[in-house]
Novice: 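Please read through the structure below; I'll follow up with questions.
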There are 2 protein chains.
Amino acid sequence: MATNKTQRVTMSDVARRAGVSRTTVSFVLNDKPGAAIPDETRRRILEAIDELGYRPNAGARALAANRSGWFGLITEIVTGPFAAEVITGAQSRAWGDRRFLLIAASEGDPAQEAAALDQMLEHRVEGLLYATTWHRAVSLPKAAREVPTVLVNCYDAAGELPCILPDEVSGGYKATRRLLDAGHTRIGFINLDPAIPAAIGRREGYERALREAGITPDPSLVIPGWATADGAYTAACELLDRPAADRPTALFCGNDRMAMGAYDAIKERGLRIPHDVAVVGFDNQELIAAYLRPKLTTLALPFEAMGTKGVDMLAALAAGQPLDTHRVTIDCPLLERSSV
Amino acid sequence: MATNKTQRVTMSDVARRAGVSRTTVSFVLNDKPGAAIPDETRRRILEAIDELGYRPNAGARALAANRSGWFGLITEIVTGPFAAEVITGAQSRAWGDRRFLLIAASEGDPAQEAAALDQMLEHRVEGLLYATTWHRAVSLPKAAREVPTVLVNCYDAAGELPCILPDEVSGGYKATRRLLDAGHTRIGFINLDPAIPAAIGRREGYERALREAGITPDPSLVIPGWATADGAYTAACELLDRPAADRPTALFCGNDRMAMGAYDAIKERGLRIPHDVAVVGFDNQELIAAYLRPKLTTLALPFEAMGTKGVDMLAALAAGQPLDTHRVTIDCPLLERSSV
DNA sequence: GCGCTTTAATAACGCGCGTTACTTCAGCAT
DNA sequence: ATGCTGAAGTAACGCGCGTTATTAAAGCGC
């Protein structure tokens with residue numbers, strides 16, 4: 001209830017109580033190698049710490065040791081499942097290392113982004129994680145050069161900064177492969193905006209899987225759905241209204257919301273999933289994929305893993321170690337449900 | 001690219017460059033009232049700051065000023081829409097005040113929670129926000145008493161800590177009222193676990209709205225759906241299979257997922273929403289409510305507002321001001337879509 | 001007894017900054 | 001010239017801690 005506005009207990013208090021010098025306390029607190037502390041002394045000190053309820057002051061420690069322990073994490077938005085997963089991954093990895101995350105949302109506003117970056121630099125972050133909600137190229141404010149930076153789910157055009165990206169090609173490959181394995185040979189691909197990396201990579205994987213199966217990719221089976229349920233619905237209608245011999249028996253959709261649109265088109269025509277038409281989505285938006293009927297088989301974007309890996313790389317960079325790989329890709333796991 | 005491992009520029013560097021003392025620099029940086037700084041001097045200093053790219057060291061400043069600028073935020077999980085909204089609200093309010101949020105997730109594990117709290121206290125947070133994903137009673141580790149604490153979406157049994165809660169009663173009232181206004185008089189209520197505050201409060205609002213409309217609440221119309229889509233489906237079946245004269249023409253569901261289950265039961269029976277049966281949900285889970293057919297009218301839990309208000313209260317407490325209200329309730333807005 | 005090493009511990013400095021108390025000097029009335 | 005006032009600026013201390021250099025005592029071989 002009552003706020004303790006009286007001065008907090010410091011290391012000197014502990015030292016006095018234990019009958020030693022402050023230096024000695026610091027030594028036991030930091031397990032200083034080379035410092036010979038008899039067990040009895042150590043015990044007295046730990047006891048004093050306990051009795052006084054002493055807590056080291058992280059800020060003072062950072063100042064003296066010239067090591068803040070902070071990493072910065074800038075995302076576009078905090079809300080939304082993707083950013084949250086990145087945060088979760090990065091957090092757990094960081095806290096385990098006694099490092100902390102200063103999180104900021106740019107809200108897509110360059111001014112806010114710059115302000116956030118300023119604050120982070122003032123807090124002397126030892127590294128910066130910059131994450132986007134969709135895989136694309138970005139360019140960072142100059143100030144970001146002042147500190148080791150790792151890009152998550154994005155990359156810089158110049159290719160100077162290390163980055164962590166989902167493996168879109170393998171994602172497209174795995175989706176297609178799964179459908180091939182189920183016996184489908186005419187597989188429609190309702191893709192995202194064809195100009196973005198996700199669309200390009202997945203199409204590459206899609207075509208590779210087909211060729212490996214001895215099938216020549218038919219470009220007319222690939223239609224951009226422009227990332228909306230309605231767009232995908234239209235695209236699916238187009239594909240399903242072809243003459244039977246020409247009609248795909250499976251649809252690979254650029255994301256789960258698009259799969260929703262495809263579901264509607266399929267059901268409208270009295271076709272059944274997966275018996276008549278199989279569907280694979282992308283993104284694994286739990287609330288969609290797990291509640292569609294039938295449940296949607298889809299690929300997950302590995303946001304949490306990317307967050308974890310980001311902190312890994314940052315930790316290495318902050319420690320002055322070189323990076324083994326400058327550009328890391330992380331696999332998109334296939335989540336089997338009931339739509340194939 | 002290259003990490004700048006050379007020592008960063010400090011205030012002394014700025015002072016030297018500007019030909020003044022460090023104290024003077026500090027004065028202009030902090031707009032010290034009572035310090036007479038001629039414009040010319042101020043200009044020189046600002047110029048030096050700019051040329052050198054000086055950034056104040058937030059940690060050192062905190063140490064000297066004995067004011068960390070940190071608030072702690074402990075949630076159960078970071079993933080999931082609710083926590084993210086609280087974070088968003090708290091963040092925006094905090095950053096605007098040049099305060100920062102040290103965010104941690106307990107993952108429901110008391111050990112992690114205690115560890116997080118320890119770290120926060122070591123970082124000398126000036127206040128603590130403790131948020132849960134669902135409205136309930138909690139008990140905090142003793143250590144939380146060392147710093148002003150505000151509970152978000154929860155309360156302590158002893159009623160000692162200030163808390164911010166959604167106004168469940170008004171939520172239940174508004175939902176029911178909306179249905180009454182649409183002409184319904186027999187309104188089924190598929191409630192959550194009847195022992196939790198949300199269920200109790202909403203039922204109170206539900207009954208009050210009915211009474212105000214001159215309708216005596218019929219207990220047989222209130223059924224717990226146990227917070228699952230399946231449970232709600234069963235409950236809805238039970239209500240809809242009554243003799244016509246006895247059957248509700250509207251269903252108020254404890255959450256959006258439960259509304260999904262109710263939708264299924266309604267559609268199975270060839271009834272139409274909202275013509276034959278109207279539905280109101282709760283929680284406004286975007287991915288469900290906005291994509292159900294028809295779109296679901298529901299009440300939103302005001303997580304973002306609660307986060308904002310939490311920081312407000314913390315700021316007041318940290319400044320030593322008394323709180324006007326110990327227990328704040330925040331309204332749940334009704335989001336009109338197409339299911340009523 | 002004497003040097004030497006090891007053990008146990010500490011004084012003192014600095015991290016970057018906020019702040020208080022103090023100094024210096026110009027201007028001005030007496 | 002003296003005294004006073006306000007303007008402009010600074011020296012010096014302390015925040016809580018890590019760390020280095022140094023000291024004091026104890027153990028040991030001879």
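Chain A is the first sequence line, chain B the second, and so forth, proteins listed ahead of strands; every chain is numbered from 1.
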Novice: Taking the side chain of B:Phe27 as heavy atoms from C-beta outward, which of D:dG18, C:dC15, C:dT20 is closest to it?
Specialist: C:dT20
Novice: Quick one: is D:dG18 close enough that its OP1 or OP2 comes under 4.0 Å of any side-chain N or O from A:Asn30?
Specialist: yes
Novice: Would you mind telling me which residue lines up with the more 5' stretch of DNA chain D, A:Pro56 or B:Gly19, judged by nearest nucleotide?
Specialist: B:Gly19
Novice: Could you tell me how far apart B:Arg16 (CZ) and D:dT10 (P) are, to the nearest whole angstrom?
Specialist: 13 Å
Novice: A:Arg61 has an atom CZ; how far is it from atom C1' of D:dC15, in whole Å?
Specialist: 16 Å
Novice: Between B:Asp13 and B:Arg8 (salt bridge meaning N to carboxylate O under 4.0 Å), is one present in this structure?
Specialist: no
Novice: If you only use heavy atoms from C-beta on, which nucleotide in C:dC17, D:dT19, C:dA8 is closest to the side chain of A:Ala36?
Specialist: C:dA8
Novice: Looking at five pairs on each end of the helix from C:dG1-D:dC30 to C:dT30-D:dA1, what is the angle between the two axes, given to 10 degrees?
Specialist: 60°
Novice: Any salt bridge linking B:Arg17 with B:Glu47? Criterion: basic side-chain nitrogen under 4.0 Å from a carboxylate oxygen.
Specialist: no
Novice: Can you measure B:Asn57 atom CG to C:dC15 atom C1' for me and round it to whole angstrom units?
Specialist: 9 Å
Novice: Could you verify whether a donor N or O on one side chain and an acceptor N or O on the other, from A:Thr23 and A:Ser26, lie under 3.5 Å apart?
Specialist: no
Novice: The side chain of B:Pro38 is closest to which nucleotide in this list: D:dA8, C:dT19, C:dT7?
Specialist: D:dA8
Novice: Examine C:dT10: is either OP1 or OP2 under 4.0 Å from a nitrogen or oxygen in the side chain of A:Thr24? Give yes or no.
Specialist: yes
Novice: Side-chain N or O of A:Thr41 less than 4.0 angstrom from OP1 or OP2 on C:dA9?
Specialist: yes
Novice: Salt bridge or not between B:Glu122 and A:Arg61? Use side-chain N to carboxylate O under 4.0 Å.
Specialist: no
Novice: Just the rounded figure in Å: distance from C1' of C:dA9 to CZ of A:Arg42.
Specialist: 14 Å
Novice: Distance check: side-chain N/O of B:Ser26 vs OP1/OP2 of C:dG18, anything under 4.0 Å?
Specialist: yes
Novice: Expressed in angstrom and rounded to an integer, what is the separation of B:Leu63 atom CG from C:dC15 atom C1'?
Specialist: 9 Å
Novice: Which one, C:dA12, C:dG18, C:dC17, comes nearest to the side chain of B:Ala65?
Specialist: C:dG18
Novice: Any N or O donor-acceptor pair under 3.5 Å from the base of C:dG18 to the side chain of B:Arg22?
Specialist: yes
Novice: How far apart are the closest heavy atoms of B:Ala90 and B:Leu129, and which atoms are they?
Specialist: CB-CD2, 4.2 Å
Novice: Take atom NZ of A:Lys32 and atom C1' of D:dA21, then tell me their distance rounded to the nearest Å.
Specialist: 12 Å
Novice: Could you tell me whether the side chains of B:Tyr155 and B:Glu160 share a donor-acceptor contact shorter than 3.5 Å?
Specialist: no
Novice: Mind calculating the distance between CG (B:Asp31) and P (C:dC17) to the nearest angstrom?
Specialist: 17 Å
Novice: Please tell me if A:Ser21 has a side-chain N or O lying less than 4.0 Å from either OP1 or OP2 of C:dT10.
Specialist: yes
Novice: May I ask you to say what A:Ser12 touches in the nucleic acid, namely base, sugar-phosphate or nothing, with a heavy-atom cut-off under 4.0 Å?
Specialist: nothing
Novice: Do A:Arg136 and A:Glu76 sit within salt-bridge range, that is, some charged N less than 4.0 Å from a carboxylate O?
Specialist: yes
Novice: Hey, is A:Asp39 close enough to A:Arg43 for a salt bridge, meaning N to O under 4.0 Å?
Specialist: no
